[in-house]
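Presented below is the structure to which this report refers.
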Amino acid sequence: MNQEQFKSNLLKTISEIIEDSENKTIVFTVNPVKETNVTYNSTDDFVLKWVLTEKNIIGRLFNTDEVVTLLSFPNHRYTLWIKVNLSETSEEKLIFELSISMRFRTPTQLKHIDTGHPPFIKG
């Protein structure tokens with residue numbers, strides 16, 4: 001998987017949640033979820049310390065390209081799973097909340113492959 005495939009998978013998930021989003025601005029909030037009874041590796045620690053800091057994500061709205069860049073890492077690492085929820089809607093804008101794993105893995109290790117658009121799942 002590359003960033004374009006990752007973006008395509010995100011957009012497929014959004015189209016499952018809401019059918020008509022063409023004339024609306026789509027933005028995202030990112031909510032890292034601390035998982036219990038899991039092991040974090042050095043990549044996870046690096047991302048949490050330098051990328052997914054409160055300063056970088058709390059209170060921010062990301063457009064599609066920004067959120068894809070934020071959640072895609074070198075060596076083809078992506079967040080293990082992402083739950084997508086429509087959190088707010090208006091005539092002009094759709095705001096989706098992305099609840100994300102704080103573990104980052106290769107495409108073959110991602111969750112929700114059965115959806116056809118890993119690592120995304122409707123929350």
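Residue numbers run from 1 in the order of the sequence given.
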Working to the nearest 0.5 Å, report the span between OG1 of Thr79 and CG of Leu98.
-> 9.5 Å
Heavy-atom pair of closest approach, residues Val68 and Gln3 | CG1-O, 3.8 Å
Would you please name every residue forming a ring-ring contact (aromatic ring centres under 6.0 Å, His included) with Tyr40, sequence neighbours left out?
-> none
Residue set satisfying side-chain hydrogen bond (donor to acceptor under 3.5 Å, both in side chains) with Ser90, at least two apart, ordered chain then number -> none
State, with a plain yes or no, whether a side-chain heavy atom of Ile18 is found less than 4.5 Å away from one of Phe96.
-> yes
Rounding to 0.5 Å, atoms OG1 (Thr13) and CD1 (Ile82) come to a distance of 8.5 Å
What residues, two or more places apart in sequence or in another chain, satisfy side chain to side chain contact (heavy atoms under 4.5 Å, CB included) together with Asn2?
-> Glu4, Gln5
Locate the shortest heavy-atom distance separating Gly116 from Asn9; write the atom from each residue and the value.
-> O-OD1, 4.1 Å
Inter- and intrachain pairs under salt bridge (Lys or Arg N to Asp or Glu O under 4.0 Å), touching residues 32-48, at least two apart | Glu35-Arg103, Asp44-Arg105
With Tyr78 via ring-ring contact (aromatic ring centres under 6.0 Å, His included) - residues at least two apart | Phe6
Find out if a path of hydrophobic residues (ILVMFWY) with successive side-chain heavy-atom gaps under 4.5 Å connects Ile121 to Leu86.
-> no
Which pairs with one or both residues in residues 48-65 pass salt bridge (Lys or Arg N to Asp or Glu O under 4.0 Å), sequence neighbours excluded?
-> Lys7-Asp65
Are Leu70 and Phe28 close enough, and set up right, to give a side-chain contact (heavy atoms from CB on, under 4.5 Å), and what steps lead you there?
-> CA-CA 11 Å; Leu70 180 72; Phe28 302 90; over 6 Å; no
Under the side chain to side chain contact (heavy atoms under 4.5 Å, CB included) rule, collect the residues that match up with Ile113, sequence neighbours excluded.
-> Pro118
Partners passing side chain to side chain contact (heavy atoms under 4.5 Å, CB included) against Ser15 (at least two apart in sequence or in another chain) = none
Carefully, step by step, assess His117 and Leu11 under the rule side-chain contact (heavy atoms from CB on, under 4.5 Å).
-> CA-CA 9 Å; His117 41 74; Leu11 296 175; over 6 Å; no
Which pairs, with at least one residue in residues 75-100 and sequence neighbours excluded, count as a salt bridge (Lys or Arg N to Asp or Glu O under 4.0 Å)?
-> none
What residue pairs, at least two apart or across chains, pass ring pair (Phe, Tyr, Trp, His ring centres under 6.0 Å) with a residue in residues 52-76?
-> Phe73-Phe104
Linking directly or through intermediates, with side-chain heavy atoms under 4.5 Å: list the remaining ILVMFWY members grouped with Leu80, chain and number order.
-> Val33, Trp81
Show the numbers, then the answer: is there a side-chain contact (heavy atoms from CB on, under 4.5 Å) between Val84 and Ile17?
-> CA-CA 9 Å; Val84 182; Ile17 296 171; 3.6 Å; yes
Would you give the length of the straight line joining atom CZ of Phe120 to atom CD1 of Ile14, rounded to the nearest 0.5 angstrom?
-> 8.0 Å
Of all heavy-atom pairs linking Asn56 and Trp50, the shortest is ND2-O, 3.6 Å
Nearest heavy-atom neighbours spanning Leu52 and Ile100 = CD1-CD1, 3.7 Å
Looking at side-chain heavy atoms only, is the closest gap between Lys111 and Pro119 below 4.5 Å?
-> no
With clusters built from Ile, Leu, Val, Met, Phe, Trp and Tyr whose side-chain heavy atoms come within less than 4.5 Å, directly or transitively, what are the remaining members of the cluster of Ile95, listed by chain and number?
-> Val27, Leu61
Rounded to the nearest 0.5 Å, how far does OG1 of Thr25 lie from CG of Asn63?
-> 9.5 Å
